[in-house]
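Okay, so here's the structure we're looking at.
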Amino acid sequence: LTSPSTYKRASETAENILKDLPEQLRAPKVGIVCGSGLGGLAEAIEDEPKVEVPYKGIPNFPQSTVQGHAGKLVFGLIGPAKTPVVLLVGRAHFYEGHSMELVTFATRLCRMLGVEVMIVTNAAGGLNPEYNVGDIVCLNDHLYLAGMVGVNPLRGPNDESIGVRFPPLSDAYDLELRRRAHIAWRKLELDSSRGKLHEGVYAFASGPTYETRAECRMLRGFGADLVGMSTVPEIVVARHSGMRVLAFSLVTNRAVLEPGLRGDDPLVQGMSAGGLAEFLSKGKANHEEVLEEGRKAARDMQGLVKEIVGDLYAN
Ligand code: HPA
């Protein structure tokens, strides 16, 4: 439950961090969340000044427990306009056991640091059959099944000084920012190396289990193009507090939509135990595959985000 003291804590934490930052970094305009294996986005900040603040030691901050999610805030400047940004390298997930309040603490902190635009990235499973592993998708909507039935970070008393009780989400994924994403994509000539930038609908699943085949078919039937275990609670909190959002998924695996084989299938009946095991290992989602795809596509995602941010406050 979000309590009235949530923003008080975020605000105290923000003050605590800001007081130790050099002047130029003290008013970050853009917050960038780096998803699984996408921590390389921190390299988008090349020059000094650059200040890293490990999550460990930040008061009230949830500590990440997943491998490949080393946690730190990185403050720096991006692009010719020297836009001040804060990167969140590593995030708290609901499946780690954190409350939705804690999962979204970093987003609330961004708001308190003065961030206006959140760029959120993640690794996701592709449900849309047109997506390939390694593709990048710009999100244009989401399905938040858990949020619709009660696991919503805004549940609890509302702080009217932050946002309204019933925030609309029909325009959650900022059209003007998505337009910029497509322009940046073409400018970087990613359309020739990678094809077009997809747009799609992301479905939140709490995890940590990956989806069953039937669950994948259900989500696809509901209109989802991607499924993942993050991002949506952050988007909800960001929109509630008036920040604009842009989100990208990296497709790290293809969710399996076909029904599994039946035990009485003649093919299965005729297979040796070893042959069956080999057959079954194909198409199963696993964390190593997710991290590896992240490393490969991180450079493109990094270039894209850098290009968008570089242009955002230039005149
Ligand atoms: N399902 C849920 N979350 C994910 C997946 C997936 O297939 N791939 C990466 N994150």
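One-based numbering, in listed order, for ligands and for the atoms of each. Nothing fancy with the numbering, it's 1 onward along the sequence.
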* Asked: Can you name the one residue among L87, I58, V89, V51 that meets side-chain contact (heavy atoms from CB on, under 4.5 Å) with L73?
  ->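 Result for side-chain contact (heavy atoms from CB on, under 4.5 Å) with L73: I58.
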* Could you tell me whether E211 and ligand 1 have an N or O pair separated by under 3.5 Å? => yes
* To do: Have a look at ligand 1 and work out which part of A255, if any, has a heavy atom under 4.0 Å from it: side chain, backbone, both or neither.
  => neither
* Applying a 4.0 Å heavy-atom criterion (strictly less than), which segment of N253 is in contact with ligand 1: side chain, backbone, both, or neither? -> side chain
* Report, in ascending order of atom number, the atoms of ligand 1 lying under 4.0 Å from any heavy atom of A123. =>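 So the answer, numbered in order with elements, is 9 (C), 10 (N).
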* To do: Below 4.0 angstrom from a heavy atom of T252, which ligand 1 atoms are there? Numbered from 1 as shown, please.
  =>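 Numbered from 1, ligand 1 contributes 8 (N), 9 (C).
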* Counterpart residues, salt bridge (charged side-chain N to carboxylate O under 4.0 Å, His left out), relative to E307 (two or more places apart) -> K187
* Residues forming a salt bridge (charged side-chain N to carboxylate O under 4.0 Å, His left out) with D225, sequence neighbours excluded ->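 D225 satisfies salt bridge (charged side-chain N to carboxylate O under 4.0 Å, His left out) with R220 only.
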* What's the verdict on salt bridge (Lys or Arg N to Asp or Glu O under 4.0 Å) for E199 and R178, showing C-alpha distance, side-chain angles and the deciding distance? -> CA-CA 9 Å; E199 275 204 22; R178 280 187 278 134; 2.9 Å; yes
* Is it true that atom NZ of K50 has more than 12 heavy atoms of other residues, nucleotides or ligands lying nearer than 6.0 Å? ->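 More than 12 heavy atoms, drawn from other residues, nucleotides or ligands, come within 6.0 Å of this atom.
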